[in-house]
Every structure is written in C-alpha cells, then in structure tokens.
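Heavy-atom basis, side chains included; hydrogens, waters and symmetry copies ignored. Protein chains get the first letters and strands the later ones, always in sequence-line order, with residue 1 at the start of each. Keep in mind the model is a prediction, meaning the values are calculated, not measured.
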Protein chains: 2
Amino acid sequence: MASQASPTAARTTRPSADSTRDRILAAAVDLFSERSFEGATTREIAARANVTQPLLNYHFRSKEHLWHAAVEGIFGELTQALTARIEGLRGVDELSVAKLIVREFIYFSAAHPQLHRIIMQECKVDGARMDWLVDRHIRPLYEQTVSLFTRLVERGDIPDVPATHIYYVITGAGATMFVLAPECRRLAGFDPLEHEAVEVHADVVTTLLFGS
Amino acid sequence: MASQASPTAARTTRPSADSTRDRILAAAVDLFSERSFEGATTREIAARANVTQPLLNYHFRSKEHLWHAAVEGIFGELTQALTARIEGLRGVDELSVAKLIVREFIYFSAAHPQLHRIIMQECKVDGARMDWLVDRHIRPLYEQTVSLFTRLVERGDIPDVPATHIYYVITGAGATMFVLAPECRRLAGFDPLEHEAVEVHADVVTTLLFGS
DNA sequence: GTCTATAATTAGATAGAC
DNA sequence: GTCTATCTAATTATAGAC
C-alpha cells in the first residue's frame with residue numbers, strides 16, 4: 001500500500017526564517033507541490049516542520065487556508081524576483097529585457113520547481129482553488145508576458161506568433177525539465193537542477209525563442 | 001470543505017469499448033490524471049464508470065493495480081500512434097520525419113492530456129510508481145527521441161544542443177498548454193484543445209525547433 | 001459479474017491541559 | 001503557543017448474497 005518512504009526525513013532546512021509559522025509554510029509548499037492538495041496530509045506537513053498536527057489548525061484555520069498561505073508565499077517570491085530584475089533593466093531595449101526576463105524565469109523555475117508543480121496540480125481541472133490561483137497570481141504574469149511579446153512581434157523583433165502560444169512555450173519549455181527533475185535524473189543520468197544544467201537549458205530556450 | 005463539484009456527472013462517453021472493465025479503466029485514467037493517485041478515490045472512479053466501488057477490487061485487485069492497468073492503456077495508445085506514424089514514413093528523410101513526429105506528438109497531447117498529467121504527478125518525486133513508469137514506458141520514448149535528434153545534430157540539420165534538453169523542450173512546449181487547458185480557457189478566453197488552436201500550436205513549436 | 005453491508009484504517013479538526 | 005487525546009467522516013478492501 002504505502003510506497004512513499006521516510007516521512008520523518010527532514011528536508012533541506014531553508015536558510016531564511018525559522019519561526020514555527022514559516023517552517024510550517026515551507027513544509028506545506030514542499031508537500032502540496034509533491035503530493036497535490038488532496039494527496040498531502042496535514043500530519044505529514046506537521047512532521048516535516050517538526051510540530052504536531054493540531055498546530056497547523058491553530059496557526060492556519062484549516063488545510064485550505066494553509067494551502068492559500070503557502071501559495072501566496074511562493075508566488076510572492078516569483079513576483080519579487082521578476083520585478084526586481086525588471087527594475088534593474090530600466091532603459092534597456094525591450095528585446096534584451098525579454099531575453100533576460102525569460103532567463104530569470106528559468107533560474108527561478110529551477111530554484112523553485114514547487115511553483116509549477118502546484119500550478120499543474122490545480123489548473124488541470126476547474127475548481128475554486130484554480131479560480132483563485134489564476135485570478136490572483138497567474139493572470140498578472142500572463143498579461144505582462146503577453147503585452148511584452150505582442151510589442152516585440154509588432155516591432156518585428158520575433159516571428160509573428162500568437163502571444164498565448166508563446167506564453168505556454170516559455171513556461172512549458174522553461175520549467176518542465178525542472179518539474180520532472182527526478183525523472184530526468186533517472187532518464188538522462190544528470191541532475192537538471194545543478195547550476196551547469198540550468199545555464200545550458202536557459203541558453204537552449206532563449207536561442208530557440210530569440211534565435212540567438 | 002469540498003469544492004469540487006458533481007461527482008455524478010458522466011464524462012464524455014468514449015466511442016470505443018463499452019465493457020465494464022473498459023469503462024472503469026477510462027474513468028480511472030481521467031480521475032488519476034485529474035486528482036493524482038492519492039487524490040483520486042475509488043468511489044469516484046466507480047461512480048464515473050457507473051458501477052459500485054467494490055467492483056474495482058473484483059476486476060483489478062487493488063487501487064495500485066488499477067492505476068498500473070490504466071497507465072498501461074494510455075501509454076499503449078501513444079506508442080501505437082507514434083509507431084504507426086513512423087511506419088507510414090519509411091524512406092522519408094530524417095529531418096522531415098522528426099518534424100512530423102513532433103506534430104503527431106502534439107496532436108496526441110491535445111487529444112490525451114491525461115498522459116502528461118499522470119507523468120507530471122508521478123515523476124515529481126522518486127517512488128515505486130515513478131520507477132515503473134520511467135523504466136517501462138518513458139525510457140523507450142526518450143531513447144528514441146534522443147537518438148533521432150542526436151543524428152540530426154551530427155548532420156547539421158539543427159543547432160548543436162544537448163538532446164536531453166531538446167527532449168524536455170519538446171514535451172514541455174508541446175504539451176503544457178493542453179495540460180493546463182482549464183487555466184488557458186480562463187486566462188486567454190479560448191479552448192486550446194480545439195482543432196484550430198492545436199494546429200497553431202504545432203506550427204509554433206515546429207517553427208521554433210526546426211526554423212520552418 | 002455485480003451488488004449490499006461492513007470491517008479496518010486514516011483523514012482533518014476540536015477540546016482542553018500546560 | 002504547543003502539546004495529548006479524541007471525535008467524526010471518509011478511505012480501501014473484504015464477506016457474502018444474488
């Protein structure tokens with residue numbers, strides 16, 4: 001029956017934040033992303049955070065509220081990383097900005113594959129959690145991406161291709177190898193999350209997209 | 001608590017096969033792909049197949065055995081579709097074969113997004129089901145893809161890029177929009193599974209990969 | 001083969017001590 | 001804040017009638 005192993009094994013301890021609340025949130029991101037909302041148990045999340053299960057109900061009212069808080073956190077990190085990068089590129093031409101933003105997105109996807117795992121789990125089927133995820137977190141990123149690439153197309157910088165398709169090419173091609181890191185290790189014999197591999201992947205994706 | 005709706009609503013009835021066993025397998029593929037192994041309940045699978053829950057244990061010994069049978073079925077369809085396409089291309093130059101196989105893969109991904117959903121769910125974390133999935137089903141496809149693209153690179157048909165990265169670009173860029181079809185509908189306002197959109201996506205991906 | 005009834009386990013959440 | 005103990009509901013699987 002139970003095939004998944006060692007629920008006791010502590011995860012790579014995060015450098016930042018060590019309050020109980022934050023350890024619970026970090027454990028929740030990991031387990032929700034690995035096992036899906038229904039598959040993750042609050043007991044396992046508690047165990048990974050080194051607390052007892054009822055404490056999750058104390059800090060976050062319910063499993064559902066815990067999920068929202070966890071997702072809020074990881075999307076906050078992505079938004080922060082991307083806006084910081086854009087701020088640092090004021091005055092640069094938009095084609096170069098696009099290339100560097102795609103790179104930044106790939107670096108983030110390798111460092112935090114949990115984000116895409118959660119999107120994949122929730123956006124496969126319509127539901128209340130998907131509605132919230134799309135409206136609150138995904139749509140702003142989508143809109144920004146689409147408007148950026150629409151301008152590049154109008155300017156003739158890239159081939160005339162519908163922006164929505166470009167969006168899914170970027171997210172799919174950029175993140176899938178990291179989402180499926182355990183598969184890749186077994187299949188190809190190397191760890192895609194390792195620095196060298198991430199760099200190669202960023203080169204491959206930007207070359208295919210921008211031709212250089 | 002429960003946010004997912006209408007467990008009674010019957011799915012798009014499959015044209016092929018109507019024996020009880022096959023209806024259970026079809027329902028299992030849908031639910032395992034939507035909700036993950038742990039998230040899917042045998043009662044829900046039974047309900048969607050219009051049978052009672054203990055009947056699943058009669059036909060397949062356990063939930064685990066049912067999962068294996070369901071996955072076996074959908075991967076059989078993919079393998080059949082791809083080998084049939086390759087058979088029909090005997091004598092054609094390998095660059096054209098590659099383009100058409102990628103197209104075929106994209107058509108299949110749009111028609112059966114369940115396959116990638118299941119891969120995503122199982123290959124995020126090491127485990128017994130992932131081992132079986134990779135060794136029995138994914139590796140043969142990976143090896144074929146890698147050897148094909150390695151030959152194309154040697155021949156100078158495509159840029160010199162590590163084949164493993166190409167593999168994840170193809171599967172990621174090719175399938176993600178269909179895996180996230182509900183998200184795409186809400187985000188972009190169109191159904192990516194519709195014929196027109198699939199065709200456009202195949203054009204976009206093959207153009208980016210092969211330059212034409 | 002397919003059903004009803006039910007056993008055994010495990011889930012999320014609450015009560016109340018400290 | 002954090003724990004122990006426990007409730008209720010839901011899960012997979014089995015027993016046995018038809």
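Applying the side-chain hydrogen bond (donor to acceptor under 3.5 Å, both in side chains) rule to B/D203 yields the partners B/R103; only residues at least two apart in sequence or on another chain are considered. For the side-chain contact (heavy atoms from CB on, under 4.5 Å) test, residues two or more places apart in sequence or in another chain that qualify with A/A46 are A/V51, A/Q53, A/L56. With sequence neighbours left out, B/E143 forms a side-chain hydrogen bond (donor to acceptor under 3.5 Å, both in side chains) with no residue at all. For A/I138, the side-chain contact (heavy atoms from CB on, under 4.5 Å) test picks out A/F75, A/I119, A/C123, A/L133, A/V134, A/Y167, B/E183, B/L187, with sequence neighbours left out.
If you take CZ of A/F60 and C1' of C/dA13, they are 16 Å apart, rounded to a whole angstrom. One interatomic measurement links the two molecules: CG of A/L31 to P of C/dA11, which rounds to 12 Å at whole-angstrom precision. In this entry the distance linking CD of A/E38 with P of D/dT12 reads 12 Å, nearest Å. The distance between atom CH2 of A/W67 and atom P of C/dG12, rounded to the nearest whole Å, is 16 Å. As a whole-Å value, the separation of A/F32 CZ from C/dG12 C1' is 11 Å. Counting to the nearest Å, the P atom of C/dG12 and the NE2 atom of A/H65 are 16 Å from each other. Counting to the nearest Å, the C1' atom of C/dA5 and the CG atom of B/N57 are 15 Å from each other. Distance NZ (A/K63) to P (D/dA9): 18 Å, rounded to an integer number of Å.
Each end of the helix from C/dG1-D/dC18 to C/dC18-D/dG1 gets its own rotation axis from five pairs of C1' atoms, and the angle between them is 0° to the nearest 10 degrees.
Here the straight-line distance linking atom CD of B/E34 with atom CG of A/D126 works out to 10.0 Å at 0.5 Å rounding.
A donor-acceptor pair under 3.5 Å is absent between the side-chain atoms of A/K124 and the main chain of B/Q114, judged by distance alone.
Ring planes of A/H68 and A/W132: perpendicular class, angle over 60° (limits at 30 and 60°).
Annotation: A/H116 is in aromatic contact with A/F105 [ring centroid separation under 6.0 Å]. In this structure, A/H201 has its ring center closer than 6.0 angstrom to the ring center of A/F178.
Among the atoms of the strands shown, none is found under 4.0 Å from any heavy atom of A/A46.
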Can you check nucleotides 2-6 of chain D for protein contacts, nitrogen or oxygen pairs under 3.5 Å, and list what you find?
unit_1: D/dT2; atom_1: OP1; unit_2: A/T20; atom_2: OG1; d: 2.8
unit_1: D/dT2; atom_1: OP2; unit_2: A/H59; atom_2: NE2; d: 2.9
unit_1: D/dC3; atom_1: OP2; unit_2: A/T52; atom_2: N; d: 3.0
unit_1: D/dC3; atom_1: OP2; unit_2: A/T52; atom_2: OG1; d: 2.8

